[in-house]
Amino acid sequence: QVQLVESGGGLVQPGGSLRLSCAASGSIFSINTMGWYRQAPGKQRELVAAITSAGSTNYADSVKGRFTISRDNAKSTVYLQMNSLKPEDTAVYYCNARSRLLWWGQGTQVTVSS
C-alpha cells in the first residue's frame with residue numbers, strides 16, 4: 001500500500017507562487033514515477049508534470065517555464081514549484097505515484113484570483 005499526503009495549496013494572486021508537496025509512505029521502494037495532475041472545473045484531469053526516480057521530467061506545454069517538479073528520493077517526496085501563476089491554473093491538483101499500481105493523493109485546491 002502507498003499513501004500520498006499533499007500540502008501547499010491555497011489562494012494566490014495572479015503572478016504569485018506556490019509550492020506543493022507530496023510525501024509518499026508505505027511500500028515506497030517500488031515507486032518509479034511521481035507526478036502532478038490537475039482538474040479544473042468542467043475539464044478533464046490532465047498531466048501537469050512528472051519525474052522519474054532517475055530525474056527525468058515531463059511538463060505540460062501550458063506550464064513549461066513556470067512550474068518545476070523536483071523529487072527527494074530519500075524522503076519519497078515530490079514537489080511542484082509554481083511561479084507566475086495565472087487564473088487558468090486554478091484547479092484541484094493531485095499527486096500520483098506509479099509502481100505496479102497507480103496511487104493518488106486526495107487533491108489540493110489551487111485558486112489563482114485577484
Side-chain angles (χ1 to χ4, degrees):
Q1 302 290 325
V2 173
Q3 295 182 358
L4 304 174
V5 179
E6 301 172 331
S7 62
L11 175 65
V12 65
Q13 297 279 343
S17 298
L18 287 173
R19 189 179 76 156
L20 305 182
S21 300
C22 175
S25 62
S27 185
I28 62 175
F29 293 105
S30 62
I31 295 174
N32 181 16
T33 302
M34 299 186 72
W36 293 93
Y37 289 70
R38 68 185 182 188
Q39 188 166 21
K43 296 185 178 181
Q44 298 186 68
R45 188 175 299 187
E46 65 175 350
L47 174 69
V48 177
I51 186 168
T52 70
S53 59
S56 298
T57 59
N58 185 37
Y59 295 93
D61 288 341
S62 60
V63 307
K64 287 181 179 177
R66 299 188 297 119
F67 292 10
T68 302
I69 189 169
S70 61
R71 182 171 179 171
D72 184 337
N73 289 330
K75 297 181 179 180
S76 298
T77 300
V78 65
Y79 306 92
L80 186 68
Q81 179 66 46
M82 304 185 293
N83 298 326
S84 302
L85 283 161
K86 304 174 181 179
E88 52 262 44
D89 295 318
T90 296
V92 178
Y93 284 70
Y94 298 90
C95 175
N96 101 315
R98 181 191 295 271
S99 57
R100 295 182 184 273
L101 300 171
L102 292 176
W103 306 91
W104 293 92
Q106 78 283 358
T108 184
Q109 178 70 47
V110 172
T111 301
V112 185
S113 176
S114 60

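Computed from a prediction, not measured in an experiment: that's the story for all the values here.
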Could you check whether any side-chain heavy atom of Met82 comes within less than 4.5 Å of a side-chain heavy atom of Val112, counting everything from C-beta outward?
no
Shared hydrophobic cluster for Ile28 and Ile69 (ILVMFWY, side-chain gaps under 4.5 Å):
yes
After noting the C-alpha distance and the side-chain angles of Arg45 and Asn96, does the key distance pass the side-chain contact (heavy atoms from CB on, under 4.5 Å) rule?
CA-CA 12 Å; Arg45 188 175 299 187; Asn96 101 315; over 6 Å; no
Evaluation steps, side-chain contact (heavy atoms from CB on, under 4.5 Å), between Leu85 and Phe67
CA-CA 9 Å; Leu85 283 161; Phe67 292 10; 3.8 Å; yes
Between [X] and [Y], what is the shortest heavy-atom contact and its length?
X: Ala91; Y: Tyr93; value: O-CD1, 3.4 Å
X: Ser84; Y: Arg66; value: O-NH1, 3.0 Å
X: Thr33; Y: Ala50; value: CG2-CB, 4.1 Å
X: Leu20; Y: Trp36; value: CB-CH2, 3.5 Å
X: Gln13; Y: Ser114; value: OE1-CA, 3.3 Å
X: Cys95; Y: Met34; value: SG-CE, 4.3 Å

If we check side-chain contact (heavy atoms from CB on, under 4.5 Å) with Ile51, which of these qualifies: Thr68, Leu80, Asn58, Val78?
Val78
Within this structure, what is the [atom1]-[atom2] distance for the pair [X] and [Y], rounded to the nearest 0.5 Å?
X: Leu4; Y: Gln106; atom1: CG; atom2: CD; result: 8.5 Å
X: Gln81; Y: Ser21; atom1: CD; atom2: OG; result: 9.5 Å
X: Ile31; Y: Thr52; atom1: CD1; atom2: OG1; result: 13.0 Å
X: Ser113; Y: Asp89; atom1: OG; atom2: CG; result: 12.5 Å
X: Ser53; Y: Asn32; atom1: OG; atom2: CG; result: 4.5 Å

Check the orientation of Tyr94 and Trp104. Use parallel for under 30°, tilted for 30 to 60°, and perpendicular for over 60°.
perpendicular
Does Glu6 form a side-chain contact (heavy atoms from CB on, under 4.5 Å) with Cys22? I'd like the steps, not just the answer.
CA-CA 4 Å; Glu6 301 172 331; Cys22 175; 4.3 Å; yes
